[in-house]
Structures are given as structure tokens and as C-alpha cells.
Protein chains: 2
Amino acid sequence: MIADLHTVPGFTFNGFSVGLKEDNQLDLAIIHAEKPCAAAAAFTRNLVVAEPVKVCKKQMEDGLIQTVVINSKNANACTGEVGMKAVYEEIKRTSVVFKVAKKDVFISSTGVIGRPFPITEVLNGITLAMDGLENTAESSHATAEAIMTTDTKPKGASLQFELNGKTIHFGGIAKGSGMIHPDMGTMLSFIISDLNIKAEVLKKALNKAVDRSFNMISIDGDTSTNDTVLVLANGDAKNDLIDSIEHPDYAKVEEQLTEICIKLGQSIVDDGEGITKMITFEVQGLPTEEECRKIIRTLSTSLLVKTAFFGKDPNWGRLFAAAGRAGVDFDPDKADLFMGDNDELCLLKSGQPKTLDENLAHQILAKRDVKVKFDFHQGEAKSIGWGSDLSYDYVKINAEYTT
Amino acid sequence: MIADLHTVPGFTFNGFSVGLKEDNQLDLAIIHAEKPCAAAAAFTRNLVVAEPVKVCKKQMEDGLIQTVVINSKNANACTGEVGMKAVYEEIKRTSVVFKVAKKDVFISSTGVIGRPFPITEVLNGITLAMDGLENTAESSHATAEAIMTTDTKPKGASLQFELNGKTIHFGGIAKGSGMIHPDMGTMLSFIISDLNIKAEVLKKALNKAVDRSFNMISIDGDTSTNDTVLVLANGDAKNDLIDSIEHPDYAKVEEQLTEICIKLGQSIVDDGEGITKMITFEVQGLPTEEECRKIIRTLSTSLLVKTAFFGKDPNWGRLFAAAGRAGVDFDPDKADLFMGDNDELCLLKSGQPKTLDENLAHQILAKRDVKVKFDFHQGEAKSIGWGSDLSYDYVKINAEYTT
């Protein structure tokens with residue numbers, strides 16, 4: 001049971017079946033706050049952008065959101081003026097049904113693109129949802145389930161921390177399995193909180209958190225038209241208002257928001273299409289964090305690296321060659337490469353292969369979770385990211401799925 | 001029968017079995033010119049570079065090469081000082097056996113990396129080859145076969161053209177199937193010619209040709225430690241010496257060298273690991289050729305695009321979303337997308353999907369060769385590139401192969 005939203009007071013939510021998916025599966029989710037919340041969002045950087053993303057970039061301008069409507073099955077992307085009009089109709093209906101300002105409504109869609117948007121079903125669903133919102137474990141689970149597309153299970157995470165004696169709650173859900181990549185790929189995540197924070201400061205914390213979490217996960221390197229991460233904070237925790245990044249409590253908030261984003265990001269990789277391995281990439285010893293990240297992104301998207309992990313092959317050659325084409329300047333003769341939770345298997349020392357301990361390699365690669373670490377010994381920065389292997393099932397799922 | 005080297009006078013060559021591969025398969029190739037040739041090479045841009053590449057960058061400095069020795073099975077990469085010493089021993093032995101200057105020897109290796117280089121077998125092979133070089137259809141075929149690794153067949157191409165009444169011959173061989181990508185990936189190609197040209201001018205023509213051929217093909221996006229394209233020109237055609245890019249015959253030479261590089265590049269994609277589709281990507285209507293190329297590279301390396309072609313799905317959504325994340329600025333609402341040899345299937349018009357002609361789509365995608373064309377209507381530049389689909393067999397081959 002994904003019951004993570006349920007941990008946060010002041011919000012109600014649920015998932016509904018409105019006839020977009022077959023067999024009465026849940027396909028519409030609504031998250032509603034008792035009052036307008038400080039809100040921050042990060043969107044896809046793809047140039048080809050879905051209609052709700054275009055509209056909601058404007059909805060975010062005053063930093064306030066109260067009600068969020070998300071449908072799965074149809075992405076409302078490449079749908080032109082008709083699709084755009086549908087978003088405004090959703091906003092209007094939500095405003096009427098939930099008695100919120102139109103400017104405080106957030107709309108999100110995920111699913112196939114370029115198909116006419118089923119506006120009638122969605123509008124009926126919004127009306128239907130009026131009396132169906134709750135703050136329960138069941139409604140949290142249903143909300144997470146209603147935003148799924150090729151996901152095999154609902155995904156959520158929650159955490160709590162203290163700020164000067166006040167307990168702060170974060171609860172979040174996420175979806176996305178294919179098209180997962182550093183710039184976010186058919187990936188949606190909604191995080192709610194009782195934190196008391198200014199929207200503009202929340203936005204800064206979210207940018208940092210996304211860069212170190214959702215932007216460091218990769219399944220297939222593709223990004224989508226609809227990716228969105230939204231955070232709402234209703235202030236109910238009554239902590240001292242965090243009104244700037246200089247506020248003494250800001251650092252803790254950024255850290256904890258990053259933490260929940262990492263948990264949600266990991267849950268997406270872990271449910272990646274057809275994966276048999278979840279790989280944690282650590283890169284250290286370069287002058288800048290961005291250089292470390294570039295190498296992680298190249299490693300985690302390399303088909304040869306991914307198929308080697310599927311084959312349980314401790315293939316340092318493919319890892320090293322992928323690092324070498326990342327566009328980062330380093331001296332290969334200083335590079336060390338390790339595998340294993342505690343770096344127990346050294347594969348390369350100063351750029352030269354070590355004699356392979358086949359038993360140890362077999363033990364490490366038999367597990368679902370594998371850690372890989374490069375240390376370039378040419379600087380102080382480090383970064384961490386997450387990827388997966390590439391299996392027959394990935395090909396099968398994506399050869400058969402129609403966008 | 002690959003008999004393309006055979007069309008060029010003034011060279012002898014052959015492939016030999018020296019015990020690197022199992023079952024007496026050919027594993028050592030030698031191409032020898034009667035006299036030192038004007039030579040130009042393009043190498044991998046990977047930072048992790050094989051020992052023979054390090055050495056041969058220096059060998060190219062005076063622009064003269066007479067004898068080329070290529071072994072398959074072992075890449076002599078990540079082999080450190082011992083591997084480096086082996087390259088110099090190969091050069092010395094070749095110099096003695098073929099009575100050529102050490103500075104005019106070129107060494108190339110391909111195969112697994114990080115394994116001790118079998119120097120004894122290779123040196124014995126060079127000696128053994130002394131009396132085995134010929135200029136015949138059979139020896140041309142054997143040369144192409146000896147440089148294969150995961151290739152399923154030898155690859156070659158040839159062409160002839162006239163320059164002021166003189167006939168110029170180009171003959172080339174190539175290898176490489178996995179790790180094929182824009183920056184060249186475990187890809188070797190050797191082209192011989194009787195053209196009369198200065199080495200520095202040949203280098204300029206080769207750079208242009210490689211940018212429009214080998215750098216525009218992609219199977220899996222990975223590049224390798226050993227990639228090399230080498231062109232030798234012995235001058236026997238006795239055309240007026242092409243001594244600068246202003247020479248009236250230069251443009252024709254650049255065009256024809258590009259042509260043979262495209263043929264060789266296509267033969268590599270066509271033999272790509274586990275491919276069932278060969279895709280030609282045309283992009284036009286952007287301000288610069290480099291922008292067109294960036295989009296082609298993103299399309300041809302997108303896993304979602306590749307698996308869609310394997311599934312014979314006319315998936316304009318994945319193509320459009322991949323174009324959108326290529327890092328090129330364009331207005332999606334002006335984009336047209338077509339499939340088919342004559343652009344007969346229009347999938348997107350001004351950024352909006354067209355009603356799909358399923359019969360026509362089925363016909364087009366049933367073929368092995370599929371053309372995809374984007375027209376962005378935002379400029380005059382265009383580019384062309386080649387890619388493949390991603391099949392179960394790709395995963396199988398690469399999960400089971402050890403670098």
C-alpha cells in the first residue's frame with residue numbers, strides 16, 4: 001500500500017475511474033488542499049511540450065496552487081488548439097466543483113500523444129470526484145495508481161523532519177518507467193507538505209533537489225513532452241516562515257526535499273521497463289560536480305554498459321570507454337574503477353585492469369542492486385546517479401507500446 | 001566476394017590466420033603499397049585510446065604511409081607500457097620484413113580490450129605474410145575478413161571517376177557493427193587509391209568525408225578506443241597533383257571520397273548487431289547543417305525510436321519528442337514529418353498529427369530500408385544520416401559478448 005500522501009495534514013486526494021483506461025482501471029487523480037499552497041514546479045525541457053504544460057507554466061506565475069487534476073492514458077500533447085481549449089475547460093470545471101480560483105488549479109496529463117483528448121470523460125470525472133476526496137491510506141494509494149501508464153506498480157515516498165521543534169511532513173507520489181532520463185522523461189511527481197515557506201524559496205530548493213535526483217536517473221535516455229514535478233506547501237506545520245535561502249532553516253529543507261526526490265526517483269528506476277538491475281553510479285575526483293554528472297549520464301545511458309549489466313558481466317572496458325566519450329577532460333591513467341557496496345571489487349587501478357576476482361564479481365553482479373564507482377583522482381567534486389540495465393523485456397515493451 | 005581493394009593498382013594485400021581467433025579464422029590483415037603513399041587518418045575522439053592509436057597519431061605526422069598491419073580479436077587497449085612496446089615491435093618487424101621505413105608503417109588493432117596483447121603470434125604472422133601479399137579478388141576478400149570482430153560479413157566498397165581524362169580508383173574495406181556512433185565506434189576503415197594528391201589536402205577531404213559519412217551513422221551510440229579511418233593515395237593515376245583545396249579538381253575528390261565513405265558506413269549499419277531495419281534520416285529546414293545533424297544524432301540514438309522501428313510502429317510521437325530534446329531551437333508548430341522513399345506518408349503537418357493511412361504505413365514499415373524526413377521550414381540547411389532499429393538480438397549479442 002502506497003500511503004505516503006496520507007502522512008501530510010491539510011490535503012485530500014483520491015484516484016477515480018472515468019473511462020479512459022480499459023477494465024475500469026483508475027485514470028484520474030485529484031489532490032486538493034484546504035487552502036491555496038505555496039507551490040513550485042519543474043517542467044520538461046523538451047521543445048515539444050504538451051498543452052497542459054504550456055498552460056500550467058502560466059498557472060505557476062503567482063506561486064499559488066490549491067487543486068491538482070491529473071489524468072493518465074492520454075497526454076494531451078500535439079493536440080493543438082483543441083487540446084489547449086480542453087485544458088482551460090478542465091481548469092474551469094475544477095474551479096466550479098472545488099470552489100477554488102481558476103488561477104490556483106494545476107492540470108497534468110500523461111499517456112499517448114497526438115490522440116484527441118477525451119475531454120467529456122475528464123470533465124465528468126472532475127464533477128464525480130467532488131465528494132470522493134479523503135486523506136486516507138486507501139485514497140493515497142488510489143491517487144498513485146491513477147497516474148500510472150506503463151508502470152507496474154504505484155510509487156510513493158514520505159519523510160518527516162524537525163525544524164525548531166515543529167514536525168514537517170513531506171509525502172509524494174510519482175509515475176514513469178520508460179523515457180526516464182536526466183532531463184526528466186514521461187515522469188510525473190507530486191509532493192505535498194505542511195511546510196511554511198515562500199513559493200520563490202521553495203522553487204530554489206526544488207531546482208536543487210531535481211538536479212540531484214530526477215535529473216540523475218536514467219532508463220532509456222529519452223525525455224517526454226509532459227514531465228512535471230510539483231511541490232505544494234500549505235504552511236500548517238507553523239514553522240518560522242522560510243522567506244529566503246539565507247534563512248537558517250533553508251539548508252535543512254533543501255536537503256530533505258532532495259531526499260524525498262531521490263526516493264521517488266529511485267522508485268521510478270526500480271520499476272523501469274523490463275529492468276533486472278538497479279545501478280548506482282558514483283563518480284568522484286574531478287574538478288566540478290557538473291563533470292561528474294556528465295560522466296554518470298553517459299554511463300547510465302550507454303547501451304553497451306546497460307547490456308553488460310543485463311549479462312552480469314563486470315565489463316570495465318565498456319564503462320571506461322563510455323567515460324572516455326562523455327566530453328569530460330580527464331587523464332585515463334589516473335582512473336580507478338570499483339564495483340560493490342563497499343568498493344570491494346577493484347576493476348581498474350590507475351587506468352590499468354586488475355586481475356579479476358571472478359567469484360567476487362559473480363557475487364556482486366548476482367544482486368539486483370549494484371554500485372559502480374569511478375575515482376579519477378583529479379579534483380574534489382563528486383556526484384551520484386541511478387540507472388538500469390537493458391533487457392529483452394525493455395525491447396519487447398517498447399516495440400509493442402504505441403505512443 | 002568483397003573484391004574492392006583489388007580495383008586499385010600499385011597495392012598488394014591479404015588476410016592471414018595467425019592463431020588469435022579460434023578455428024583458424026583470419027585475424028591479421030596487411031595492406032602494402034609499392035612506394036610510400038600520401039596518407040590521411042581520422043581517429044576516435046574517445047579519451048580512452050588504444051596503444052596503436054597513440055603511436056599512429058605520431059606515425060601520421062609526415063603524411064606518408066606504405067604498409068598497414070591490422071589484427072582483430074585483441075584491441076591492444078588499456079594494456080599500458082607492455083602494449084605500447086608491442087606496437088613498436090610490430091612496426092620494427094614490419095619495417096624489416098617489407099623493407100619499408102619504420103615511420104611509414106601503420107598499426108591498427110580491434111577486439112577485446114584490457115587483455116595482454118598476443119605479440120608473439122602477431123610478429124610471427126607479419127614474417128609469415130612476407131610472400132603472401134597479392135592484388136587479387138581473393139586477397140581483397142581475405143583482407144576484409146581478417147579485420148572482422150562481431151561483424152557477420154566482410155565489408156567493402158569501390159568506385160571510379162575521371163579527372164581530366166585520368167581514371168581515379170578508390171577501394172576500401174571496413175569493419176564494425178556494435179559501438180557504432182557519430183564519433184566513430186569500434187569502426188575501422190582502410191581506403192586505398194591511385195589518386196595524386198598532397199597528404200595535407202587529402203586530410204582536409206577526409207575530414208569532410210568522415211563528418212558526412214562515418215560520423216552520421218549510429219547503431220548504439222557508443223564509441224570505442226580504437227576507431228580509425230585511413231586513406232592511402234599512391235599517385236599512380238598521374239592526375240595533375242592536387243596541392244590545395246583551391247585546385248579545380250579538389251571538389252570532385254572530396255565528393256567522391258565522401259561517396260565511398262558513405263557506402264562503407266552504410267555497409268556497417270546494414271550489418272549492425274541484430275538489426276532488422278536500416279533507417280535513413282533526412283532533416284532539412286533549419287538554419288545550419290550542424291543543427292540538422294544534432295537532430296539526426298538524437299533520433300538515431302533514441303531507444304524509443306529504435307524499438308518503435310523494431311515494432312514496425314510509425315511512431316511520430318517518439319520521433320517528435322526525440323527531436324525536441326536534441327538541444328536545437330525550433331518551432332514545433334512548423335514541423336512536418338514524413339516516412340517512405342518519396343515522403344509519401346505524411347505523419348505530422350505543422351506540428352499536428354495527420355490521420356494515419358495504416359495500409360501505407362504497414363507497406364513502408366514492412367521493408368528493411370525505411371526513410372524518415374523532418375522538414376522544419378525554418379532555414380535552408382539539410383543533412384542526412386543512417387541508423388538502425390533495436391532488436392532482441394542486439395541485447396542478446398551484447399549481453400553475452402565480453403569486451
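All values below were derived from every heavy atom in this structure, side-chain atoms included, with hydrogens, water molecules and symmetry-related copies excluded. Sequence lines set the chain letters: A, B, ... in the order given, protein chains first and strands last, and positions in each chain run from 1.
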Let me know if [X] has heavy atoms under 4.5 Å from chain A in its side chain, its backbone, both or neither.
| X | result |
| --- | --- |
| B:Phe330 | both |
| B:Asp331 | neither |
| B:Val328 | backbone |

Using a 4.5 Å cut-off on heavy atoms from C-beta on, say whether the side chain of A:His362 contacts that of A:Lys312.
->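 Side-chain contact under 4.5 Å: no.
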Beyond-backbone contact of B:Met278 with B:Ser388, side-chain heavy atoms, under 4.5 angstrom =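 No, their side chains stay 4.5 Å or more apart.
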Does the side chain to side chain contact (heavy atoms under 4.5 Å, CB included) test come out yes or no for A:Val55 and A:Met84, once each step is laid out?
-> CA-CA 8 Å; A:Val55 174; A:Met84 180 70 87; 3.3 Å; yes
Could you give me the CA-CA distance, side-chain angles and deciding distance for A:Asp336 and A:Lys349, then say whether salt bridge (Lys or Arg N to Asp or Glu O under 4.0 Å) is met?
-> CA-CA 5 Å; A:Asp336 295 346; A:Lys349 185 76 194 166; 3.1 Å; yes
Sidechain N-carboxylate O distance under 4.0 Å for A:Glu291, A:Lys294 |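 Salt bridge between A:Glu291 and A:Lys294, a charged N being under 4.0 Å from a carboxylate O: no.
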Quick one: sort the B:Phe374 and B:Phe376 rings into parallel, tilted or perpendicular, breaks at 30° and 60°.
->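 Answer is parallel, since the angle falls under 30°.
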Proximity of residues 350-360 of chain A to chain B, residues having a non-hydrogen atom under 4.5 angstrom |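 From residues 350-360 of chain A, the residues near chain B are A:Gly351, A:Gln352, A:Pro353.
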Test B:Ser109 against every option in B:Thr228, B:Asn71, B:Asn74 by the side chain to side chain donor-acceptor pair (under 3.5 Å) rule and name the one that passes.
->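 Checked B:Thr228, B:Asn71, B:Asn74 against B:Ser109; only one passes side chain to side chain donor-acceptor pair (under 3.5 Å): B:Asn71.
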